[in-house]
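Okay, so here's the structure we're looking at.
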Amino acid sequence: MRKWFALGMSMMLVTGLAACGGNNNGGGNESTPTQTANGSEGKETDKAPAKDVEIVFQSWVTPNLTVEYYDQLIKRFESANPGIKVKRIQPPANEGSPDSYLKTLLASGDFPDVVLNATIQMFVDADALLEIPIDEDIQQINNFESDMIDGKLYNISAIRQPQSLIFYNKKLFAEAGIASTPKSWAELEAAAEKLKAKNITPLLTAGDWTAGFTFSVMTSPTVYKDNKVWYADRFDNKVKFTDDNWKEAASFYAKLVEKGYFNKGALSIDYTAVEQEFLKGKGAMYPMGSWFSAAEAVSDKDFEVGVFAVPTKDGTQYMLGGENAGGYAVAKNSKHSEEALKFAKFMMLDPEAHKGYLQADALFSNLKEPLKWDMSPLQSEIYDLLLNNPPMVGHLNNKVGRVPVAGIQDQYNKVAQNIMLGDVDVEKGLQSLDEYWDKNNK
Amino acid sequence: MLKNDRWSFALMFSPGIIIYFCFLLIPIFLLVYYSFYNWDGLSPSYSFAGLSNYVEAFHDKAFARALQVTLFITVVSTLAVNILGIAFAVLLNHKGRMTNFYRSVFFFPLLLSTVSIGFIWKSILSYNGLLNNLLEKLGAERIEFFGNPDLAVWTITFLAIWQSTGFIIVIYLAGLQSIPGSLYEAVKIDGANRWQQFRHITFPMLAPAFTMSIIFMFTGSMREYDRVAILTSGGPAGATETIAYQVVKVGFSANRLSYSASLAVYMLIIVSLLSVSLTVYLRRREERLL
């Protein structure tokens with residue numbers, strides 16, 4: 001009896017030790033939410049013949065890029081590539097980027113073979129990403145060189161994603177007698193005043209990351225149109241947030257808040273809620289990225305939505321956003337890097353997959369021979385705006401010459417939320433951005 | 001024979017000890033180790049930083065504010081949950097037709113994950129949520145539960161109280177059921193009213209349950225994270241950032257893992273000192289009362 005008891009305890013001990021051990025790449029990552037391509041948890045892999053390889057793919061699930069979207073593409077890839085199985089995983093919460101999730105996976109030795117939408121520079125610094133060979137597949141992409149880091153490419157992306165857009169309710173604009181969309185700050189203020197006079201909320205925003213995003217898209221175009229490497233210059237201490245151009249832009253934003261042009265209770269709602277507020281007609285203008293047009297296309301409403309680029313001080317159009325940003329990257333230490341690279345290329349460059357990706361998230365093709373998809377009238381308007389726009393730089397936590405210090409978006413959020421709370425000391429807010437930058441530039 | 005016993009004991013203890021080492025002692029050791037370096041959590045190399053992270057944390061205004069918020073949530077929720085826990089436990093400590101139903105109702109919030117509860121309350125309390133729509137229909141002003149910095153802290157505290165009360169009720173119910181009925185019989189003969197019975201019998205005899213509940217609530221509230229992450233993301237303007245929230249944010253958003261480790265070590269020291277002091281005080285109180 002005692003022997004059996006000891007045997008049982010030994011088995012528990014072995015199990016305990018196994019639980020403490022690391023789990024290397026490609027293995028079953030049971031502590032994270034995982035799913036195989038067809039949704040059945042792990043069973044496919046167990047049944048697969050020994051020669052099959054399994055690659056782990058970190059997906060980025062949003063209201064536009066759904067689980068079903070990824071699963072049907074994975075299924076297509078698996079049918080076309082027998083012997084390669086794809087296990088899809090996803091971050092447990094949408095924090096604006098999968099970076100935190102990926103960092104924990106990297107630390108635990110479970111970094112996926114293929115990652116999507118990560119901050120590339122960060123994981124290149126961590127020596128976690130594979131250099132993508134510049135072959136004829138990559139050469140299909142317009143301006144792919146702009147995303148290289150020290151002359152090497154680490155991500156596959158062929159998209160343009162304008163972010164400094166203002167969507168507007170055409171019905172409310174007509175009610176307020178606004179005939180043309182504003183191009184300059186003065187015109188924007190005049191339009192807001194007309195709307196307010198008609199008891200219409202001129203501008204919509206929300207708390208969480210949306211506050212920082214709105215602040216950034218409303219201010220940065222005026223600053224970055226004259227300096228497209230502003231973040232790089234900030235690293236070199238050539239510019240500061242407390243410079244006059246930033247002070248002027250932030251003061252303009254604070255004035256919009258002070259005059260009561262934004263929605264009441266903005267900090268008590270989140271991104272999903274403010275999107276619904278706009279689609280319910282509860283505000284005339286909604287500063288947001290092009291992805292909003294995907295939600296607009298399927299919404300049920302009794303008004304038309306238009307779009308214009310965020311006005312700049314002098315009225316020159318300059319949109320900010322992503323040029324080949326995000327996209328798919330492959331783990332340097334992947335045991336199946338060839339298969340992983342094949343999958344990453346499929347997801348971004350296969351004509352059907354590329355078109356599906358663009359349509360699902362309202363993106364625009366940046367291939368040398370751009371693929372057209374079935375655009376809604378609003379998406380066609382964005383496309384027209386893009387045709388007349390020079391290549392975009394990023395803003396907020398995206399590249400403007402260089403990727404900014406990590407976590408700067410949190411500080412933008414704080415500054416923007418303080419302004420929304422009535423803190424009119426804009427200079428203090430901008431100073432806090434400089435302080436954050438210096439403190440975290442290590 | 002004796003030798004075999006020793007092996008059996010060793011084997012019996014091993015799983016617990018291994019788990020304790022792997023998931024508690026080693027992580028704490030690593031936490032302290034990394035806090036003396038300058039690691040971003042990603043780079044393959046890092047350098048020794050001495051005490052610089054601790055010095056910086058000591059002067060960090062955001063950390064001081066987070067500490068203040070954490071202590072506020074902890075003190076208010078610990079007191080409120082224990083007062084409510086005792087009150088409801090006394091009310092539910094009777095055999096009635098609906099007693100089990102009420103016990104289940106109070107315990108129910110604990111069965112749901114904090115994340116689910118966060119989303120439920122978010123839909124109720126947000127500016128365009130259920131409660132505000134109702135208030136507007138009644139002609140009242142909408143309330144910014146998450147948008148007003150002071151109110152947002154109170155909202156997080158209220159939800160901590162709402163979710164934890166059920167568990168504390170169970171602890172007090174167990175405590176109440178261990179009080180001998182003869183004590184009540186004796187004081188009733190002496191003419192004690194209900195309040196006197198509670199004051200002189202119930203409350204002192206609940207001392208062990210009181211100690212356990214206070215320590216449980218105190219240590220749990222000092223680690224407040226998930227409600228903040230779901231409901232306010234630390235906002236507005238950092239007003240609801242707790243220490244745990246800041247540790248995660250600094251480590252994983254600002255990529256300063258070593259610095260966030262130093263914040264976590266401060267948190268560990270503060271929680272350990274306060275909980276040991278509380279435990280010693282409450283144990284002495286138990287000895288005095290029982």
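Note that the structure is predicted; figures quoted are calculated from it, not measured. Sequence lines set the chain letters: A, B, ... in the order given, protein chains first and strands last, and positions in each chain run from 1.
For the set B:Tyr259, B:Phe146, B:Phe21, B:Phe145, the count of heavy-atom pairs under 4.5 angstrom toward chain A peaks at B:Phe146. For the set A:Leu106, A:Thr104, A:Asp410, A:Ile408, the entry with the most heavy-atom pairs within less than 4.5 Å of chain B is A:Asp410.
For A:Glu277, the part lying near chain B is the side chain, with the backbone staying farther off; criterion is any non-hydrogen pair under 4.5 Å. Contacts between A:Lys282 and chain B at a heavy-atom distance below 4.5 Å are absent for every atom of the residue. Residue A:Met420 does not touch chain B at all, counting heavy-atom pairs closer than 4.5 Å. With a 4.5 Å cut-off on non-hydrogen atoms, A:Ala107 does not touch chain B at all. Using a 4.5 Å cut-off between heavy atoms, A:Asn263 does not touch chain B at all.
Atom CH2 of B:Trp162 is surrounded by more than 12 heavy atoms from other residues, nucleotides or ligands within 6.0 Å. Enclosure of atom CZ in B:Phe48 by more than 12 non-hydrogen atoms of other residues, nucleotides or ligands within 6.0 angstrom is indicated. Counting non-hydrogen atoms of neighbouring residues, nucleotides and ligands closer than 6.0 angstrom, the NZ atom of A:Lys301 exceeds 12 such neighbours. Sparse packing is recorded around CZ of B:Phe29, with 12 or fewer heavy atoms of other residues, nucleotides or ligands lying under 6.0 Å away.
Remark: A:Thr272 OG1 to B:Lys122 NZ distance equals 7.0 Å, nearest 0.5 Å. The OG atom of A:Ser432 lies 11.0 Å from the NZ atom of B:Lys61; values are rounded to the nearest 0.5 Å. Atom-to-atom distance recorded for A:Asp125:CG and B:Asn255:CG is 9.0 Å, nearest 0.5 angstrom.
The shortest side-chain heavy-atom distance between A:Asp270 and B:Ser126 does not fall under the 4.5 Å cut-off.
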Next item on the list: Show the numbers, then the answer: is there a side chain to side chain contact (heavy atoms under 4.5 Å, CB included) between B:Arg256 and A:Lys439?
Entry: CA-CA 10 Å; B:Arg256 297 190 65 200; A:Lys439 193 171 151 186; 3.8 Å; yes
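Ion pairing of A:Lys414 with B:Glu241 is present here, as a side-chain N (NZ or NE/NH1/NH2) and a carboxylate O approach within less than 4.0 Å. Between A:Lys103 and B:Asp40, none of the side-chain N atoms (NZ, or NE/NH1/NH2) sits under 4.0 Å from a carboxylate O, so this pair counts as no salt bridge.
A pairwise comparison of heavy atoms in B:Gly147 and A:Leu421 identifies O-CD2, 3.4 Å as the closest pair.
In this structure, A:Ser268 contributes its side chain and B:Tyr127 its backbone to no donor-acceptor pair below 3.5 Å.
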